[in-house]
2 protein chains.
Amino acid sequence: MSGEHRNDPERRKDRIASEYHLAVSVDCVIFGYDEEGLKVLLIKSDTPDYQGQLSLPGDLVHPTENLKNAASRVLEYRTGLTDVYMEQVLAFSEVDRHPAGRVITIAYYSLVEIDEYAAQKHSRMEAEWYDVNAIKELAFDHKAILDNCLTRLQLRLREKPIGFELLPDKFTLKQIQHLYEVVLGVKLDKRNFRRKLKSLNVLEDCGERQKAVNHRPAKLYRFNMEKYQKKKKKGMFMNF
Amino acid sequence: MSGEHRNDPERRKDRIASEYHLAVSVDCVIFGYDEEGLKVLLIKSDTPDYQGQLSLPGDLVHPTENLKNAASRVLEYRTGLTDVYMEQVLAFSEVDRHPAGRVITIAYYSLVEIDEYAAQKHSRMEAEWYDVNAIKELAFDHKAILDNCLTRLQLRLREKPIGFELLPDKFTLKQIQHLYEVVLGVKLDKRNFRRKLKSLNVLEDCGERQKAVNHRPAKLYRFNMEKYQKKKKKGMFMNF
DNA sequence: TCCCGAAAGTGTTTTAACGACACTAAGGTA
DNA sequence: TACCTTAGTGTCGTTAAAACACTTTCGGGA
(Lines give C-alpha, C1' and ligand atoms only; values in the text may rest on other atoms or scores of the structure.)
Protein backbone atom coordinates (compact mmCIF):
# COMPACT_ATOMS: atom_id res chain seq x y z
CA MET A 1 0.00 0.00 0.00
CA SER A 2 2.40 2.71 1.18
CA GLY A 3 5.45 0.62 0.53
CA GLU A 4 7.57 2.34 -2.07
CA HIS A 5 8.32 5.83 -0.89
CA ARG A 6 11.40 6.93 -2.71
CA ASN A 7 12.06 10.63 -2.68
CA ASP A 8 11.86 11.10 -6.39
CA PRO A 9 13.56 13.86 -8.28
CA GLU A 10 11.37 16.70 -9.46
CA ARG A 11 8.83 15.60 -11.98
CA ARG A 12 6.40 17.90 -13.66
CA LYS A 13 3.19 17.16 -15.43
CA ASP A 14 4.12 19.56 -18.19
CA ARG A 15 6.94 17.28 -19.16
CA ILE A 16 4.80 14.72 -20.89
CA ALA A 17 7.22 12.16 -22.16
CA SER A 18 6.48 10.63 -25.51
CA GLU A 19 7.57 7.22 -24.32
CA TYR A 20 4.89 7.42 -21.68
CA HIS A 21 2.54 4.56 -22.46
CA LEU A 22 -0.58 4.25 -20.50
CA ALA A 23 -4.16 3.96 -21.63
CA VAL A 24 -7.33 5.25 -20.06
CA SER A 25 -10.74 3.70 -20.41
CA VAL A 26 -14.20 4.08 -18.98
CA ASP A 27 -16.31 1.19 -17.76
CA CYS A 28 -20.05 1.55 -17.40
CA VAL A 29 -22.24 -0.08 -14.81
CA ILE A 30 -25.66 0.31 -16.39
CA PHE A 31 -28.38 -0.41 -13.87
CA GLY A 32 -31.94 -1.30 -14.74
CA TYR A 33 -34.87 -2.38 -12.62
CA ASP A 34 -37.88 -4.60 -13.05
CA GLU A 35 -40.21 -6.50 -10.73
CA GLU A 36 -37.64 -9.26 -10.36
CA GLY A 37 -34.99 -6.94 -9.00
CA LEU A 38 -32.01 -4.79 -9.84
CA LYS A 39 -30.27 -5.65 -13.10
CA VAL A 40 -27.00 -4.71 -14.73
CA LEU A 41 -26.17 -4.77 -18.42
CA LEU A 42 -23.22 -7.03 -19.23
CA ILE A 43 -21.38 -8.21 -22.32
CA LYS A 44 -19.14 -11.16 -23.00
CA SER A 45 -15.48 -10.30 -23.03
CA ASP A 46 -13.40 -11.10 -26.10
CA THR A 47 -10.06 -10.45 -24.44
CA PRO A 48 -8.16 -13.76 -24.64
CA ASP A 49 -7.51 -14.16 -20.91
CA TYR A 50 -11.16 -13.65 -20.13
CA GLN A 51 -12.71 -15.07 -23.29
CA GLY A 52 -16.44 -15.40 -22.94
CA GLN A 53 -16.60 -14.20 -19.37
CA LEU A 54 -19.06 -11.53 -18.43
CA SER A 55 -17.73 -8.01 -18.24
CA LEU A 56 -18.85 -4.42 -18.12
CA PRO A 57 -19.22 -2.42 -21.32
CA GLY A 58 -16.39 0.05 -21.72
CA ASP A 59 -13.97 1.63 -24.14
CA LEU A 60 -10.78 3.61 -24.38
CA VAL A 61 -11.16 7.33 -23.95
CA HIS A 62 -10.64 9.15 -27.22
CA PRO A 63 -8.15 12.02 -27.37
CA THR A 64 -10.90 14.54 -28.11
CA GLU A 65 -13.45 13.63 -25.47
CA ASN A 66 -13.64 13.90 -21.72
CA LEU A 67 -14.53 10.98 -19.49
CA LYS A 68 -18.21 11.78 -19.29
CA ASN A 69 -18.44 11.98 -23.07
CA ALA A 70 -16.70 8.63 -23.33
CA ALA A 71 -19.07 7.04 -20.85
CA SER A 72 -22.08 8.55 -22.64
CA ARG A 73 -20.78 7.23 -25.92
CA VAL A 74 -20.44 3.73 -24.53
CA LEU A 75 -23.88 3.93 -23.01
CA GLU A 76 -25.49 5.09 -26.21
CA TYR A 77 -23.68 2.46 -28.22
CA ARG A 78 -24.98 -0.27 -25.95
CA THR A 79 -28.45 0.97 -25.20
CA GLY A 80 -29.34 3.62 -27.77
CA LEU A 81 -30.15 5.93 -24.88
CA THR A 82 -29.00 9.50 -24.28
CA ASP A 83 -29.73 11.95 -21.47
CA VAL A 84 -29.42 9.31 -18.85
CA TYR A 85 -28.56 9.77 -15.20
CA MET A 86 -24.86 9.07 -14.86
CA GLU A 87 -22.26 9.51 -12.18
CA GLN A 88 -18.53 8.97 -11.98
CA VAL A 89 -17.56 6.65 -9.18
CA LEU A 90 -13.91 5.69 -8.94
CA ALA A 91 -10.75 5.06 -10.92
CA PHE A 92 -9.23 1.56 -10.90
CA SER A 93 -5.54 1.44 -11.54
CA GLU A 94 -3.79 -1.73 -10.46
CA VAL A 95 -0.79 -2.14 -12.71
CA ASP A 96 -1.72 -5.66 -13.79
CA ARG A 97 -5.48 -5.21 -13.99
CA HIS A 98 -5.57 -5.62 -17.77
CA PRO A 99 -3.65 -8.41 -19.53
CA ALA A 100 -3.06 -6.36 -22.69
CA GLY A 101 -1.14 -3.58 -21.00
CA ARG A 102 -1.40 -0.71 -18.61
CA VAL A 103 -4.96 0.55 -18.56
CA ILE A 104 -6.41 2.80 -15.93
CA THR A 105 -10.18 2.76 -15.99
CA ILE A 106 -12.73 5.15 -14.59
CA ALA A 107 -16.02 3.63 -13.50
CA TYR A 108 -19.38 5.25 -14.14
CA TYR A 109 -22.77 3.99 -13.24
CA SER A 110 -25.99 4.99 -14.90
CA LEU A 111 -29.67 4.40 -14.33
CA VAL A 112 -31.94 3.48 -17.20
CA GLU A 113 -35.54 2.56 -17.48
CA ILE A 114 -35.33 -1.04 -18.57
CA ASP A 115 -38.40 -1.00 -20.83
CA GLU A 116 -37.25 2.08 -22.67
CA TYR A 117 -34.02 0.24 -23.34
CA ALA A 118 -35.82 -2.76 -24.79
CA ALA A 119 -37.79 -0.55 -27.14
CA GLN A 120 -34.69 1.12 -28.61
CA LYS A 121 -32.66 -2.03 -28.70
CA HIS A 122 -29.43 -1.63 -30.63
CA SER A 123 -29.15 -3.99 -33.58
CA ARG A 124 -25.62 -5.22 -32.86
CA MET A 125 -26.32 -5.47 -29.17
CA GLU A 126 -24.72 -8.40 -27.47
CA ALA A 127 -25.40 -7.03 -24.04
CA GLU A 128 -27.90 -8.62 -21.68
CA TRP A 129 -29.43 -7.88 -18.33
CA TYR A 130 -28.32 -9.89 -15.31
CA ASP A 131 -29.61 -9.85 -11.79
CA VAL A 132 -27.11 -7.94 -9.68
CA ASN A 133 -27.36 -10.30 -6.73
CA ALA A 134 -26.65 -13.33 -8.88
CA ILE A 135 -23.30 -12.04 -10.12
CA LYS A 136 -20.45 -13.76 -8.34
CA GLU A 137 -17.58 -12.91 -10.65
CA LEU A 138 -16.76 -10.88 -13.71
CA ALA A 139 -13.78 -10.49 -16.02
CA PHE A 140 -10.85 -8.23 -15.04
CA ASP A 141 -11.55 -6.34 -11.81
CA HIS A 142 -15.10 -5.68 -12.93
CA LYS A 143 -16.70 -7.34 -9.93
CA ALA A 144 -14.99 -4.81 -7.68
CA ILE A 145 -16.13 -2.04 -9.99
CA LEU A 146 -19.68 -3.29 -9.85
CA ASP A 147 -19.59 -3.52 -6.07
CA ASN A 148 -18.33 0.03 -5.77
CA CYS A 149 -20.99 1.35 -8.10
CA LEU A 150 -23.72 -0.48 -6.26
CA THR A 151 -22.56 0.96 -2.96
CA ARG A 152 -22.58 4.41 -4.49
CA LEU A 153 -26.05 3.91 -5.88
CA GLN A 154 -27.31 2.85 -2.45
CA LEU A 155 -25.80 5.97 -0.93
CA ARG A 156 -27.39 8.24 -3.51
CA LEU A 157 -30.75 6.55 -3.26
CA ARG A 158 -30.83 7.47 0.40
CA GLU A 159 -29.81 11.06 -0.14
CA LYS A 160 -31.70 12.21 -3.19
CA PRO A 161 -34.61 11.12 -5.34
CA ILE A 162 -32.95 9.17 -8.13
CA GLY A 163 -35.00 6.00 -7.83
CA PHE A 164 -37.37 7.53 -10.37
CA GLU A 165 -34.70 7.21 -13.04
CA LEU A 166 -35.16 3.44 -12.92
CA LEU A 167 -38.96 3.53 -13.17
CA PRO A 168 -41.43 4.41 -15.91
CA ASP A 169 -42.79 7.96 -15.83
CA LYS A 170 -45.90 6.79 -14.04
CA PHE A 171 -45.53 4.34 -11.22
CA THR A 172 -47.31 3.08 -8.13
CA LEU A 173 -46.20 3.53 -4.55
CA LYS A 174 -45.72 -0.19 -4.33
CA GLN A 175 -43.28 -0.10 -7.24
CA ILE A 176 -41.14 2.62 -5.74
CA GLN A 177 -41.13 0.91 -2.36
CA HIS A 178 -40.11 -2.39 -3.92
CA LEU A 179 -37.33 -0.60 -5.76
CA TYR A 180 -36.00 0.79 -2.49
CA GLU A 181 -36.25 -2.63 -0.92
CA VAL A 182 -34.34 -4.49 -3.60
CA VAL A 183 -31.68 -1.85 -4.17
CA LEU A 184 -31.00 -1.25 -0.50
CA GLY A 185 -31.57 -4.86 0.48
CA VAL A 186 -33.95 -4.03 3.31
CA LYS A 187 -37.60 -4.66 4.13
CA LEU A 188 -39.66 -1.53 4.59
CA ASP A 189 -42.94 -0.84 6.33
CA LYS A 190 -45.61 0.19 3.87
CA ARG A 191 -47.24 2.88 5.97
CA ASN A 192 -44.00 4.42 7.18
CA PHE A 193 -42.57 4.44 3.69
CA ARG A 194 -45.61 6.21 2.29
CA ARG A 195 -45.73 8.74 5.08
CA LYS A 196 -42.08 9.59 4.53
CA LEU A 197 -42.39 9.82 0.79
CA LYS A 198 -45.43 12.06 0.93
CA SER A 199 -43.80 14.34 3.48
CA LEU A 200 -40.95 14.92 1.03
CA ASN A 201 -43.40 16.36 -1.44
CA VAL A 202 -41.76 15.11 -4.61
CA LEU A 203 -44.64 13.06 -5.99
CA GLU A 204 -47.54 14.23 -8.07
CA ASP A 205 -50.76 12.28 -8.37
CA CYS A 206 -51.40 11.61 -12.07
CA GLY A 207 -55.12 11.21 -11.43
CA GLU A 208 -54.88 7.80 -13.07
CA ARG A 209 -54.94 4.26 -11.80
CA GLN A 210 -53.51 0.90 -12.76
CA LYS A 211 -55.50 -0.95 -15.41
CA ALA A 212 -56.29 -4.62 -15.83
CA VAL A 213 -55.29 -5.85 -12.43
CA ASN A 214 -57.57 -8.26 -10.64
CA HIS A 215 -57.64 -6.32 -7.43
CA ARG A 216 -58.11 -2.75 -6.34
CA PRO A 217 -56.01 -0.67 -8.77
CA ALA A 218 -53.30 1.55 -7.33
CA LYS A 219 -52.97 5.24 -8.07
CA LEU A 220 -50.21 6.28 -10.43
CA TYR A 221 -47.71 8.93 -9.45
CA ARG A 222 -45.11 10.95 -11.27
CA PHE A 223 -41.92 12.52 -9.96
CA ASN A 224 -42.14 16.31 -9.90
CA MET A 225 -38.77 17.99 -10.29
CA GLU A 226 -40.00 21.49 -9.45
CA LYS A 227 -41.36 20.38 -6.14
CA TYR A 228 -38.08 18.72 -5.37
CA GLN A 229 -35.94 21.70 -6.29
CA LYS A 230 -37.92 23.90 -3.93
CA LYS A 231 -37.97 21.46 -1.10
CA LYS A 232 -34.47 20.10 -1.21
CA LYS A 233 -32.55 20.86 1.85
CA LYS A 234 -29.53 19.56 3.66
CA GLY A 235 -29.51 16.17 5.24
CA MET A 236 -30.72 12.77 4.28
CA PHE A 237 -33.62 12.04 2.09
CA MET A 238 -34.60 8.55 3.09
CA ASN A 239 -32.46 7.17 5.87
CA PHE A 240 -33.33 3.54 6.22
CA MET B 1 -22.57 17.49 -22.27
CA SER B 2 -24.32 14.65 -24.05
CA GLY B 3 -23.84 16.22 -27.44
CA GLU B 4 -21.70 13.96 -29.55
CA HIS B 5 -23.32 10.58 -29.77
CA ARG B 6 -21.97 8.92 -32.84
CA ASN B 7 -22.46 5.21 -33.04
CA ASP B 8 -18.83 4.31 -33.13
CA PRO B 9 -17.46 1.13 -34.65
CA GLU B 10 -16.38 -1.53 -32.22
CA ARG B 11 -13.43 -0.50 -30.18
CA ARG B 12 -11.75 -2.67 -27.63
CA LYS B 13 -9.54 -1.79 -24.77
CA ASP B 14 -7.18 -4.60 -25.63
CA ARG B 15 -6.29 -2.83 -28.83
CA ILE B 16 -4.09 -0.24 -27.19
CA ALA B 17 -2.84 1.86 -30.06
CA SER B 18 0.74 3.01 -29.87
CA GLU B 19 -0.21 6.42 -31.20
CA TYR B 20 -2.51 6.81 -28.24
CA HIS B 21 -1.13 9.79 -26.34
CA LEU B 22 -2.67 10.69 -23.11
CA ALA B 23 -1.11 11.25 -19.73
CA VAL B 24 -2.45 10.52 -16.28
CA SER B 25 -1.55 12.40 -13.15
CA VAL B 26 -2.61 12.57 -9.55
CA ASP B 27 -3.26 15.82 -7.69
CA CYS B 28 -3.23 15.91 -3.93
CA VAL B 29 -5.35 18.08 -1.71
CA ILE B 30 -3.44 17.88 1.56
CA PHE B 31 -5.53 19.19 4.41
CA GLY B 32 -4.17 20.35 7.72
CA TYR B 33 -5.80 22.00 10.69
CA ASP B 34 -4.77 24.44 13.36
CA GLU B 35 -6.60 26.85 15.68
CA GLU B 36 -6.96 29.34 12.85
CA GLY B 37 -8.85 26.94 10.64
CA LEU B 38 -8.61 24.38 7.86
CA LYS B 39 -5.50 24.64 5.72
CA VAL B 40 -4.36 23.19 2.44
CA LEU B 41 -0.81 22.69 1.24
CA LEU B 42 -0.09 24.50 -2.04
CA ILE B 43 2.88 25.09 -4.29
CA LYS B 44 3.62 27.66 -6.94
CA SER B 45 3.12 26.39 -10.47
CA ASP B 46 6.02 26.55 -12.91
CA THR B 47 3.93 25.76 -15.96
CA PRO B 48 4.28 28.78 -18.27
CA ASP B 49 0.57 29.57 -18.60
CA TYR B 50 0.13 29.55 -14.84
CA GLN B 51 3.61 30.75 -13.80
CA GLY B 52 3.73 31.55 -10.13
CA GLN B 53 0.07 30.83 -9.47
CA LEU B 54 -0.86 28.59 -6.61
CA SER B 55 -1.59 24.99 -7.46
CA LEU B 56 -1.99 21.58 -5.91
CA PRO B 57 0.99 19.25 -5.62
CA GLY B 58 0.78 16.45 -8.15
CA ASP B 59 2.71 14.32 -10.59
CA LEU B 60 2.37 12.00 -13.51
CA VAL B 61 1.59 8.42 -12.64
CA HIS B 62 4.55 6.16 -13.25
CA PRO B 63 4.10 3.04 -15.36
CA THR B 64 4.86 0.77 -12.41
CA GLU B 65 2.65 2.26 -9.76
CA ASN B 66 -1.06 2.49 -9.16
CA LEU B 67 -2.84 5.74 -8.42
CA LYS B 68 -2.69 5.40 -4.68
CA ASN B 69 1.04 4.75 -4.81
CA ALA B 70 1.47 7.83 -6.96
CA ALA B 71 -0.54 9.97 -4.56
CA SER B 72 1.40 8.60 -1.59
CA ARG B 73 4.65 9.34 -3.37
CA VAL B 74 3.62 12.94 -4.00
CA LEU B 75 2.50 13.30 -0.43
CA GLU B 76 5.71 11.95 0.99
CA TYR B 77 7.78 14.08 -1.32
CA ARG B 78 5.99 17.21 -0.15
CA THR B 79 5.52 16.45 3.51
CA GLY B 80 7.85 13.62 4.44
CA LEU B 81 4.84 11.79 5.83
CA THR B 82 3.73 8.22 5.19
CA ASP B 83 0.77 6.23 6.50
CA VAL B 84 -1.57 9.12 6.13
CA TYR B 85 -5.33 9.02 5.70
CA MET B 86 -6.00 9.34 2.00
CA GLU B 87 -9.00 8.95 -0.25
CA GLN B 88 -9.56 9.10 -3.97
CA VAL B 89 -12.20 11.61 -4.93
CA LEU B 90 -12.75 12.19 -8.63
CA ALA B 91 -11.08 12.21 -12.03
CA PHE B 92 -10.89 15.49 -13.95
CA SER B 93 -10.66 15.12 -17.66
CA GLU B 94 -11.58 18.20 -19.67
CA VAL B 95 -9.65 17.99 -22.93
CA ASP B 96 -8.08 21.44 -22.53
CA ARG B 97 -7.50 21.38 -18.80
CA HIS B 98 -3.70 21.32 -19.14
CA PRO B 99 -1.87 23.64 -21.55
CA ALA B 100 0.95 21.17 -22.20
CA GLY B 101 -1.24 18.41 -23.56
CA ARG B 102 -3.89 15.92 -22.73
CA VAL B 103 -3.68 15.08 -19.05
CA ILE B 104 -6.38 13.35 -17.08
CA THR B 105 -5.89 13.79 -13.38
CA ILE B 106 -7.25 11.89 -10.42
CA ALA B 107 -7.77 13.88 -7.25
CA TYR B 108 -6.93 12.58 -3.80
CA TYR B 109 -7.29 14.31 -0.51
CA SER B 110 -5.38 13.48 2.60
CA LEU B 111 -5.45 14.52 6.22
CA VAL B 112 -2.26 15.33 8.04
CA GLU B 113 -1.46 16.61 11.46
CA ILE B 114 -0.01 19.98 10.70
CA ASP B 115 2.58 20.00 13.51
CA GLU B 116 3.92 16.61 12.58
CA TYR B 117 4.42 17.99 9.11
CA ALA B 118 6.43 20.95 10.35
CA ALA B 119 8.70 18.66 12.32
CA GLN B 120 9.61 16.49 9.32
CA LYS B 121 9.83 19.37 6.93
CA HIS B 122 11.31 18.41 3.57
CA SER B 123 14.47 20.35 2.79
CA ARG B 124 13.54 21.32 -0.78
CA MET B 125 9.99 22.12 0.23
CA GLU B 126 8.40 25.00 -1.56
CA ALA B 127 4.91 24.14 -0.37
CA GLU B 128 3.03 26.27 2.14
CA TRP B 129 -0.19 26.11 4.07
CA TYR B 130 -3.07 28.36 3.05
CA ASP B 131 -6.41 28.90 4.67
CA VAL B 132 -8.98 26.98 2.65
CA ASN B 133 -11.61 29.69 2.91
CA ALA B 134 -9.25 32.35 1.60
CA ILE B 135 -8.55 30.55 -1.66
CA LYS B 136 -10.45 32.16 -4.50
CA GLU B 137 -8.59 30.73 -7.46
CA LEU B 138 -5.86 28.25 -8.32
CA ALA B 139 -3.96 27.27 -11.45
CA PHE B 140 -5.52 24.83 -13.96
CA ASP B 141 -8.84 23.45 -12.72
CA HIS B 142 -7.40 23.04 -9.26
CA LYS B 143 -10.00 25.22 -7.57
CA ALA B 144 -12.70 22.81 -8.73
CA ILE B 145 -10.59 19.92 -7.49
CA LEU B 146 -10.18 21.57 -4.12
CA ASP B 147 -13.90 22.25 -3.86
CA ASN B 148 -14.73 18.64 -4.64
CA CYS B 149 -12.28 17.35 -2.09
CA LEU B 150 -13.58 19.68 0.58
CA THR B 151 -17.13 18.53 -0.06
CA ARG B 152 -16.00 14.93 0.21
CA LEU B 153 -14.16 15.65 3.44
CA GLN B 154 -17.29 17.24 4.91
CA LEU B 155 -19.31 14.19 3.96
CA ARG B 156 -16.82 11.80 5.54
CA LEU B 157 -16.49 13.86 8.68
CA ARG B 158 -20.20 13.38 9.25
CA GLU B 159 -20.16 9.68 8.63
CA LYS B 160 -17.05 8.39 10.31
CA PRO B 161 -14.47 9.51 12.83
CA ILE B 162 -11.69 10.92 10.68
CA GLY B 163 -11.40 14.31 12.34
CA PHE B 164 -8.80 12.74 14.60
CA GLU B 165 -6.45 12.46 11.66
CA LEU B 166 -6.09 16.23 11.66
CA LEU B 167 -5.41 16.52 15.39
CA PRO B 168 -2.50 15.59 17.65
CA ASP B 169 -2.78 12.23 19.42
CA LYS B 170 -4.09 13.91 22.53
CA PHE B 171 -6.64 16.65 22.18
CA THR B 172 -9.34 18.44 24.09
CA LEU B 173 -13.05 18.32 23.41
CA LYS B 174 -12.94 21.98 22.53
CA GLN B 175 -10.37 21.28 19.82
CA ILE B 176 -12.39 18.54 18.19
CA GLN B 177 -15.54 20.65 18.34
CA HIS B 178 -13.77 23.60 16.77
CA LEU B 179 -12.47 21.31 14.04
CA TYR B 180 -15.99 20.19 13.23
CA GLU B 181 -17.15 23.79 13.23
CA VAL B 182 -14.53 25.10 10.84
CA VAL B 183 -14.56 22.13 8.48
CA LEU B 184 -18.33 21.91 8.26
CA GLY B 185 -18.85 25.64 8.49
CA VAL B 186 -21.45 25.43 11.24
CA LYS B 187 -21.75 26.54 14.85
CA LEU B 188 -22.32 23.73 17.30
CA ASP B 189 -23.72 23.60 20.80
CA LYS B 190 -21.10 22.57 23.30
CA ARG B 191 -23.28 20.33 25.45
CA ASN B 192 -25.02 18.60 22.59
CA PHE B 193 -21.72 18.01 20.81
CA ARG B 194 -20.14 16.46 23.87
CA ARG B 195 -23.13 14.28 24.63
CA LYS B 196 -23.15 12.97 21.07
CA LEU B 197 -19.44 12.32 20.98
CA LYS B 198 -19.47 10.50 24.29
CA SER B 199 -22.42 8.36 23.23
CA LEU B 200 -20.41 7.18 20.23
CA ASN B 201 -17.83 5.72 22.56
CA VAL B 202 -14.77 6.39 20.46
CA LEU B 203 -12.84 8.54 22.89
CA GLU B 204 -10.58 7.47 25.66
CA ASP B 205 -9.68 9.70 28.59
CA CYS B 206 -5.89 9.99 28.76
CA GLY B 207 -6.04 10.87 32.44
CA GLU B 208 -4.08 14.01 31.63
CA ARG B 209 -4.94 17.67 31.38
CA GLN B 210 -3.80 20.69 29.46
CA LYS B 211 -0.74 22.41 30.92
CA ALA B 212 0.16 26.07 31.26
CA VAL B 213 -3.19 27.60 30.49
CA ASN B 214 -4.42 30.41 32.66
CA HIS B 215 -7.81 28.92 33.26
CA ARG B 216 -9.23 25.57 34.25
CA PRO B 217 -7.29 23.01 32.17
CA ALA B 218 -9.26 20.70 29.90
CA LYS B 219 -8.97 16.93 29.94
CA LEU B 220 -7.07 15.32 27.10
CA TYR B 221 -8.62 12.55 25.05
CA ARG B 222 -7.36 10.05 22.55
CA PHE B 223 -9.19 8.32 19.73
CA ASN B 224 -9.62 4.61 20.40
CA MET B 225 -9.84 2.58 17.22
CA GLU B 226 -10.89 -0.67 18.92
CA LYS B 227 -13.88 0.96 20.51
CA TYR B 228 -14.87 2.36 17.14
CA GLN B 229 -14.53 -0.93 15.28
CA LYS B 230 -16.84 -2.61 17.74
CA LYS B 231 -19.40 0.13 17.80
CA LYS B 232 -19.54 1.09 14.18
CA LYS B 233 -22.90 0.52 12.69
CA LYS B 234 -24.91 1.73 9.78
CA GLY B 235 -26.12 5.27 9.58
CA MET B 236 -24.62 8.63 10.21
CA PHE B 237 -22.02 9.40 12.75
CA MET B 238 -22.52 13.06 13.40
CA ASN B 239 -25.40 14.51 11.43
CA PHE B 240 -25.30 18.23 11.86
C1' DT C 1 -4.27 34.91 50.28
C1' DC C 2 -8.05 36.54 48.19
C1' DC C 3 -10.41 38.09 44.20
C1' DC C 4 -11.06 38.05 39.32
C1' DG C 5 -11.00 36.38 34.66
C1' DA C 6 -11.56 32.62 31.48
C1' DA C 7 -12.63 28.49 29.87
C1' DA C 8 -14.22 23.62 31.50
C1' DG C 9 -17.74 20.87 32.54
C1' DT C 10 -22.43 19.30 33.35
C1' DG C 11 -28.82 18.08 32.85
C1' DT C 12 -33.35 18.99 31.80
C1' DT C 13 -37.13 20.05 28.93
C1' DT C 14 -39.27 20.46 24.56
C1' DT C 15 -39.87 18.99 19.82
C1' DA C 16 -39.51 16.12 15.73
C1' DA C 17 -38.63 11.78 13.52
C1' DC C 18 -39.00 6.88 13.47
C1' DG C 19 -40.75 2.19 14.14
C1' DA C 20 -44.27 -0.99 15.16
C1' DC C 21 -48.67 -2.32 14.24
C1' DA C 22 -54.24 -3.98 11.84
C1' DC C 23 -58.20 -2.93 9.72
C1' DT C 24 -61.33 -1.20 5.80
C1' DA C 25 -61.87 -0.15 0.65
C1' DA C 26 -62.11 -1.29 -4.17
C1' DG C 27 -61.80 -3.83 -8.10
C1' DG C 28 -61.74 -8.57 -10.72
C1' DT C 29 -63.19 -13.25 -11.11
C1' DA C 30 -65.80 -17.35 -10.55
C1' DT D 1 -72.98 -12.14 -4.75
C1' DA D 2 -69.25 -14.10 -2.41
C1' DC D 3 -64.42 -14.21 -2.40
C1' DC D 4 -59.73 -13.16 -3.44
C1' DT D 5 -56.15 -9.80 -3.78
C1' DT D 6 -53.83 -5.71 -3.16
C1' DA D 7 -54.62 -0.53 -2.00
C1' DG D 8 -54.85 2.65 1.30
C1' DT D 9 -54.93 4.78 5.87
C1' DG D 10 -53.72 6.62 11.66
C1' DT D 11 -52.04 6.12 16.42
C1' DC D 12 -48.96 5.47 20.01
C1' DG D 13 -44.65 4.69 22.21
C1' DT D 14 -39.65 5.40 21.75
C1' DT D 15 -35.66 7.75 20.55
C1' DA D 16 -32.78 11.42 18.86
C1' DA D 17 -32.03 16.30 18.42
C1' DA D 18 -32.25 21.23 19.75
C1' DA D 19 -32.40 24.87 23.00
C1' DC D 20 -30.68 26.63 26.98
C1' DA D 21 -27.52 28.57 32.16
C1' DC D 22 -25.01 27.79 36.02
C1' DT D 23 -21.04 25.89 38.82
C1' DT D 24 -16.12 24.42 38.90
C1' DT D 25 -11.23 24.98 38.53
C1' DC D 26 -7.12 26.89 37.51
C1' DG D 27 -3.68 30.98 36.87
C1' DG D 28 -2.49 35.61 37.67
C1' DG D 29 -2.35 39.85 39.85
C1' DA D 30 -3.56 43.04 43.60
Side-chain angles (χ1 to χ4, degrees), chain A residues 35-36 157-159 161 167-168 170-182 184-222 231-240, chain B residues 35-36 157-159 161 167-168 170-182 184-222 231-240:
Chain A
E35 312 73 42
E36 296 165 36
L157 197 58
R158 286 170 207 265
E159 80 183 15
L167 291 174
K170 298 172 185 177
F171 50 85
T172 66
L173 295 177
K174 173 153 206 174
Q175 281 178 293
I176 183 81
Q177 180 180 340
H178 184 244
L179 185 151
Y180 269 84
E181 289 178 336
V182 301
L184 298 180
V186 296
K187 187 86 189 77
L188 299 172
D189 177 86
K190 181 164 65 163
R191 283 179 285 192
N192 294 338
F193 181 82
R194 288 172 183 222
R195 168 160 39 86
K196 187 70 194 291
L197 204 50
K198 287 189 174 160
S199 79
L200 291 169
N201 215 259
V202 292
L203 291 189
E204 180 180 58
D205 188 335
C206 300
E208 295 174 60
R209 288 174 169 275
Q210 281 183 306
K211 300 243 188 298
V213 288
N214 66 339
H215 55 76
R216 177 177 178 177
K219 284 185 178 178
L220 293 173
Y221 292 87
R222 183 186 292 122
K231 288 281 175 179
K232 82 170 157 184
K233 49 181 97 125
K234 65 176 182 220
M236 279 295 114
F237 181 71
M238 312 225 87
N239 14 290
F240 303 124
Chain B
E35 313 73 41
E36 296 163 37
L157 197 59
R158 287 170 206 265
E159 81 184 15
L167 291 174
K170 298 173 183 176
F171 51 85
T172 65
L173 294 177
K174 172 152 206 177
Q175 280 178 294
I176 183 81
Q177 181 180 339
H178 184 246
L179 185 151
Y180 269 84
E181 288 178 334
V182 302
L184 298 179
V186 295
K187 187 85 189 80
L188 299 172
D189 178 87
K190 181 165 67 162
R191 283 178 285 191
N192 292 339
F193 181 83
R194 287 172 182 224
R195 172 160 34 81
K196 186 70 192 292
L197 205 51
K198 286 189 173 160
S199 80
L200 291 169
N201 214 259
V202 292
L203 291 189
E204 181 180 58
D205 188 335
C206 300
E208 294 174 57
R209 290 176 168 274
Q210 280 183 306
K211 299 242 191 297
V213 287
N214 64 340
H215 55 76
R216 178 176 178 177
K219 283 186 179 177
L220 293 173
Y221 292 86
R222 185 186 292 122
K231 288 281 175 178
K232 83 171 157 184
K233 47 181 99 127
K234 65 178 181 218
M236 279 296 113
F237 181 71
M238 311 226 89
N239 11 292
F240 304 123

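Residue numbers start from 1 in every chain, and the chains themselves are labelled A, B, ... in the order their sequence lines are given, proteins ahead of strands.
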Proximity to the side chain of N192(B) - top-ranked nucleotide from dC18(C), dC21(C), dC20(D)
dC20(D)
Using only side-chain N and O atoms of R216(B), determine if any of them is under 4.0 Å from OP1 or OP2 of dA6(C).
no
Quick note, H215(A) side chain, CB onward, closest among dA7(D), dA7(C), dC20(D) is dA7(D)
Starting at CG of D189(B) and ending at P of dA16(D), how long is that distance when rounded to a whole Å?
18 Å
Hey, does the side chain of K219(B) come within less than 4.0 Å of dG9(C)'s phosphate (OP1/OP2), counting only N and O?
no
Separation of dC20(D) atom P from K187(B) atom NZ, nearest Å, is 13 Å
Given that R209(A) and Q210(B) both sit by DNA chain C, which one's nearest nucleotide is further toward the 5' end?
Q210(B)
d(CZ, R194(A); C1', dA17(C)) in whole Å
20 Å
Separation of dT9(D) atom P from L197(A) atom CG, nearest Å, is 13 Å
Testing dA8(C), dA21(D), dC26(D) for proximity to the side chain of P217(B), the answer is dC26(D)
What does K196(A) touch in the nucleic acid at a heavy-atom separation under 4.0 angstrom: a base, only the sugar-phosphate, or nothing?
sugar-phosphate
Round to the nearest Å and state the distance from E208(B) atom CD to dC26(D) atom P.
15 Å
What's K211(A) touching, base or sugar-phosphate or nothing? Going by heavy atoms closer than 4.0 Å.
nothing
Rounding to an integer number of Å, can you tell me how far F193(B) CZ sits from dA19(D) P?
16 Å
Counting heavy atoms from C-beta on, name the nucleotide in dT9(D), dG28(D), dA17(D) closest to the side chain of K190(A).
dT9(D)
dA16(D) P sits how many Å from R158(B) CZ, rounded?
19 Å
Donor-acceptor pair (no angle test) under 3.5 Å: R191(B) side chain, dC20(D) base:
yes
Indicate whether OP1 or OP2 belonging to dA7(C) is found under 4.0 Å from a side-chain N or O atom of N214(B).
no
Indicate yes or no: does E208(A) engage K219(A) in a salt bridge with an N to O separation below 4.0 Å.
no
Can you measure L200(A) atom CG to dA17(C) atom P for me and round it to whole angstrom units?
11 Å
Given 3.5 Å as the limit, does a donor-acceptor pair link the side chain of Q177(B) with the main chain of F193(B), or not?
no
Just verifying a value: how many Å separate R158(B) CZ and F240(B) CZ, rounded to the nearest 0.5 Å?
8.0 Å
Let me know which of K170(A), Q175(A), H215(A) forms a side-chain contact (heavy atoms from CB on, under 4.5 Å) with Q210(A).
H215(A)
Nearest of dA17(D), dG27(C), dA22(C) to any side-chain atom of N239(B)?
dA17(D)
Checking the side chain of K190(B) only, and the main-chain atoms of K174(B) only, is there a donor and an acceptor separated by less than 3.5 Å?
no
